[in-house]
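For reference, the structure is listed below as structure tokens.
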Amino acid sequence: MNRLGIVIIGSLNMDMVVRAKRAPEAGETLFGQEFALSPGGKGANQAVAAARLGADVTMIGRVGNDAFGRGLLDIIQQEQIHSGYISQSESQSTGVASIVVDEEGENRILVVPGANIEMTPDDIGALESVIRQAGIVVMQLEMDLAMIEAAAAIASRHGIPVILNPAPAQPLGDELLHHVTYLTPNETEAGILAGIAVESLDDAERAARILLQKGVQHIIVTLGSKGALIVNASGSMHVPGFPVQAVDTVAAGDSFNGALTWQLTRGKTLDEAVRFANAVGALTVGKAGAIPSLPRLQEVKQFLQEAADAEPGAQ
């Protein structure tokens, strides 16, 4: 059977990004400094992140029959991502996200999923032949949860590894988690999934241990500038991040997931893949926007070389 490489089942949104000194409080009106329309959505971001590194990516998703949807399809095709399984809704508009980025680079996001949420378990069941040809399947939580559960079960039935980025955060059932090979929560998401507060590296490991008991094989807790924590049956490992000046954190987690997936399909060890993904995430926060901020392979190689040269004792 010919494998399709990476199959990403995920959201496609148009991001409406406002830059301001700070986000408004309840009932408050502030002047922003800058506005931009930027293609995004966690699924599209992850697909482009992997494709720009050289991965063979097929995307499954849905957009509206509108200008935003056509614009997103154009972007996906320009990035050499296979788009034949992205359908158009006749009843829902393309998903949108309203994003406020403050002067520290932190973001607050409100998503209206639109057509993304329209895909059903029956829709994904009709694409079983695509999923079973995947080298690896990647999903997030900006789509219908029942559809995500069905897709994970299909992949598991055919022995296809599943990466689940559990964002936006929400509780998940053990049956879904049992089908997940790699779970990539941030600290907040890990705490919600495990039912404990995560405020330290030790807390993150405790949360990951709880998730291992629910059937996940590998948990990678992303820690922002502190890097990531790998926890599996073999033990735990903290993979440090790279210090950079953040412009905004939009798509940082998505770039991490796209890079991690690409590295795993190339046969890298999990710690090697996470270190590379940390570098991609660091480069992403150094630029504004979602898809516009995602780096290409040569940029990542140069960044890693410069980081190696700067290490103490480097010649």
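Residue indices begin at 1 and follow the sequence shown.
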Give the cluster check for [X] versus [Y]: same hydrophobic cluster or not, with ILVMFWY residues linked at side-chain heavy-atom distances below 4.5 Å.
{"X": "L229", "Y": "V239", "answer": "no"}
{"X": "V111", "Y": "I117", "answer": "no"}
{"X": "V221", "Y": "L211", "answer": "yes"}
{"X": "V138", "Y": "I124", "answer": "no"}
{"X": "I99", "Y": "V18", "answer": "no"}

[Y] side chain reached by [X] side chain, heavy atoms, under 4.5 Å:
{"X": "T120", "Y": "M147", "answer": "no"}
{"X": "T58", "Y": "I8", "answer": "no"}
{"X": "V137", "Y": "P161", "answer": "no"}
{"X": "V198", "Y": "T188", "answer": "no"}
{"X": "L37", "Y": "M14", "answer": "yes"}
{"X": "P166", "Y": "Q140", "answer": "no"}
{"X": "I148", "Y": "L141", "answer": "yes"}
{"X": "L304", "Y": "F242", "answer": "yes"}

Is the number of heavy atoms from other residues, nucleotides or ligands under 6.0 Å of [X] [atom1] greater than 12?
{"X": "Q33", "atom1": "CD", "value": "yes"}
{"X": "F303", "atom1": "CZ", "value": "yes"}
{"X": "E28", "atom1": "CD", "value": "yes"}
{"X": "F35", "atom1": "CZ", "value": "yes"}

| task | Evaluate side chain to side chain contact (heavy atoms under 4.5 Å, CB included) for V247 paired with R19, printing each intermediate quantity in order. | result | CA-CA 10 Å; V247 173; R19 302 187 67 83; 3.8 Å; yes
Main-chain N/O of [Y] paired with [X] side-chain donor or acceptor, under 3.5 Å:
{"X": "T181", "Y": "V162", "answer": "yes"}
{"X": "D15", "Y": "V17", "answer": "no"}
{"X": "Q263", "Y": "L260", "answer": "no"}
{"X": "N165", "Y": "A167", "answer": "no"}

Nearest 0.5 Å, please: how far is [atom2] in [Y] from [atom1] in [X]?
{"X": "E118", "Y": "D123", "atom1": "CD", "atom2": "CG", "result": "8.0 Å"}
{"X": "H218", "Y": "L264", "atom1": "NE2", "atom2": "CG", "result": "8.5 Å"}
{"X": "N186", "Y": "L223", "atom1": "CG", "atom2": "CG", "result": "9.0 Å"}
{"X": "I86", "Y": "M119", "atom1": "CD1", "atom2": "CE", "result": "10.0 Å"}
{"X": "R70", "Y": "Q88", "atom1": "CZ", "atom2": "CD", "result": "7.5 Å"}
{"X": "M139", "Y": "I60", "atom1": "CE", "atom2": "CD1", "result": "10.0 Å"}

| task | Any chance you could lay out the side chain to side chain contact (heavy atoms under 4.5 Å, CB included) test for T284 and D254, step after step, and finish with the verdict? | result | CA-CA 9 Å; T284 300; D254 297 331; over 6 Å; no
| task | With M237 as reference, evaluate I220, D271, V231 under the side chain to side chain contact (heavy atoms under 4.5 Å, CB included) test and give the passing residue. | result |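 When side chain to side chain contact (heavy atoms under 4.5 Å, CB included) is applied between M237 and each of I220, D271, V231, only D271 qualifies.
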Without hydrogens or angle criteria, can the side chains of [X] and [Y] be said to hold a donor-acceptor pair below 3.5 Å?
{"X": "Q78", "Y": "D74", "value": "no"}
{"X": "Q298", "Y": "Q302", "value": "no"}
{"X": "H158", "Y": "E128", "value": "yes"}
{"X": "R62", "Y": "S89", "value": "no"}
{"X": "T184", "Y": "N257", "value": "yes"}
{"X": "T261", "Y": "Q46", "value": "no"}

Which heavy atom of [X] sits nearest a heavy atom of [Y], and at what distance?
{"X": "M59", "Y": "A47", "value": "SD-CB, 4.0 Å"}
{"X": "R22", "Y": "L30", "value": "O-CD1, 3.5 Å"}
{"X": "A134", "Y": "I160", "value": "O-CD1, 3.3 Å"}
{"X": "A169", "Y": "E189", "value": "CB-CG, 3.6 Å"}
{"X": "E142", "Y": "P113", "value": "O-CB, 4.2 Å"}
{"X": "G61", "Y": "L12", "value": "CA-CD1, 4.0 Å"}

| message | Determine whether L172 and I192 satisfy the following criterion, side chain to side chain contact (heavy atoms under 4.5 Å, CB included), listing intermediate values before the conclusion. | response | CA-CA 9 Å; L172 298 174; I192 289 172; over 6 Å; no
| said: Using the rule side-chain hydrogen bond (donor to acceptor under 3.5 Å, both in side chains), only one of T94, N45, N116 pairs with N13; which is it? | reply: N116
| message | One pair to check against side chain to side chain contact (heavy atoms under 4.5 Å, CB included): H82 and I76. What are the steps and the verdict? | response | CA-CA 8 Å; H82 304 294; I76 291 296; over 6 Å; no
| message | Looking at E299 and K287, is there a salt bridge between them, counting it only when a charged N and a carboxylate O are closer than 4.0 Å? | response | yes
